[in-house]
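Remember, it's 1-based here, ligands and their atoms both numbered in the order they're listed.
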Amino acid sequence: MSTSPTWKRFAAVAVASIASLSLAACGAGGGAASDAESDSGAGEGGLIKVGYSQLGAESGWRTANTESVKASLTEENGIELTFVDAQQKQENQIKALRDFVAQDVDVIAFSPVIETGWDEVLQEIKDAGIPVVLVDRSVKTSVEDAYVTHIGSDMASEGKAAGEWVKANFPDAKIFELQGTMGSGPQIDREAAFDEVVGTDKILGKASGNFTRAEGKTAMEAALQAYPDMDLVFSHNDDMGLGAIEAIEAAGKVPGVDIKIVTIDAVRDGLQALVDKKFNYVVECNPVFGEQLAELVKKVAAGEKVPEKTVVEDKTFDQSITQADVDARLY
Ligand code: AHR
């Protein structure tokens, strides 16, 4: 997939400018701009104007990802960033995206909270001729060439790696699965890949903890009642796994021993739980790709060709890691 031809961008920008003038005249389109946290100056001096819709701040992973994005999409790096946090609500993201169109940014980047429901706004962005860089999570859309490029981890590979470890080490495990936000790319892909490797007959039940520690704990409390035989939890992220530890301990059981825990992310708290032998295996989802994103954004703005997908490299960790490894972890 390549970037929009320059002529198309010029024509579309003209249309978008007229549209944003009429929106301004009607008093519309200004809400998110005032809500937005602008990390830059006036957008002068040849800076690339980037509108970034982050989906929320639900997890340690997301916090690290936001820090990486903000540290890399900087004026020093030639970018004027307008960053908006959607608080895990798709409607907030759609509003932010529309505001970016009204502001006539040069590039829109966003991490979609769920996969579907973006057709209308993606068509509007396309009509305005603004290139889209998809970050972290995937979308399913009927809009052709809705985005120029996608950077993020291979969520299916992560689920597969977790499943392969469980199959090799606990082939008879009775599994409970703590799912991420329902309908999100990582929930769908991790779950499908994990379930295929371990076999659906091994899974006693599933519930969503929405990728947060608090909801992970609540879901686990209910699961401990519903599935007293469970002896392994596959959690779609560290935060929900950490919530599960609290629920397991409150129920008088030993996490990592009575109930094994396999998670995805490898943030520092997650790796600490691994060193403490409360987690048994952690598959990394690396959030620190701000520099790669900034390079992509610059190429996209310049109309250069970019790869359709940039897969961020992930590792895996078992209980052989040391406290020094955890202490050296940047996030
Ligand atoms: O999309 C990446 C996932 O989103 C991370 O695994 C999770 O922690 C975050 O909330």
Side-chain angles (χ1 to χ4, degrees), residues 52-69 85-90 92-93 109-116 118 133-140 147 150-163 177-194 208-217 219-220 233-245 261-274 279 281-290 292-293 309-317 329-331:
Y52 192 101
S53 169
Q54 178 60 287
L55 68 87
E58 73 284 4
S59 60
W61 188 100
R62 190 66 51 196
T63 304
N65 180 247
T66 291
E67 277 168 16
S68 175
V69 168
D85 176 343
Q87 298 173 341
Q88 279 192 292
K89 292 197 172 76
Q90 185 177 38
N92 290 350
Q93 285 206 281
F110 81 114
S111 179
V113 62
I114 54 172
E115 276 198 333
T116 57
W118 304 100
V133 175
L134 201 59
V135 184
D136 165 34
R137 297 187 182 176
S138 47
V139 292
K140 283 207 165 46
Y147 55 91
H150 178 191
I151 179 167
S153 288
D154 182 336
M155 309 291 182
S157 292
E158 294 169 348
K160 186 167 178 244
E177 192 160 340
L178 264 175
Q179 303 155 296
T181 302
M182 295 307 291
S184 68
Q187 176 264 315
I188 294 167
D189 293 347
R190 289 170 184 170
E191 183 172 328
F194 177 88
S208 176
N210 202 22
F211 282 127
T212 70
R213 199 174 293 205
E215 288 170 83
K217 182 181 176 193
M220 190 65 194
V233 175
F234 169 47
S235 172
H236 291 187
N237 83 344
D238 284 347
D239 282 81
M240 295 187 298
L242 292 164
I245 287 177
I261 305 178
V262 175
T263 72
I264 293 178
D265 272 359
V267 296
R268 198 189 290 118
D269 286 354
L271 293 186
Q272 185 64 55
L274 194 57
F279 281 179
Y281 191 66
V282 178
V283 179
E284 183 178 45
C285 181
N286 184 355
V288 185
F289 51 80
Q292 285 171 279
L293 174 63
K309 174 95 200 229
T310 303
V311 179
V312 177
E313 251 182 65
D314 295 324
K315 293 184 255 182
T316 56
F317 300 89
R329 194 76 173 160
L330 294 176
Y331 55 90

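- Salt bridge R190/E177: absent, no basic N to carboxylate O contact under 4.0 Å.
- In this model, a donor atom of one side chain and an acceptor atom of the other lie less than 3.5 Å apart for E215 and T212.
- N92 is linked by a side chain to side chain contact (heavy atoms under 4.5 Å, CB included) to A86, Q87, K89, counting only residues two or more places apart in sequence or in another chain.
- For ligand 1, residues of the protein lying within 4.0 angstrom by heavy-atom distance are E58, S59, W61, R62, D136, R137, M155, P186, R190, F211, N237, D265.
- Taking a cutoff of 4.0 Å between a charged side-chain nitrogen and a carboxylate oxygen, D136 and R62 qualify as a salt bridge.
- The aromatic rings of W61 and F289 are tilted relative to each other, their planes meeting at an angle between 30° and 60°.
- With ring centers used as reference points, F110 lies under 6.0 Å from W118.
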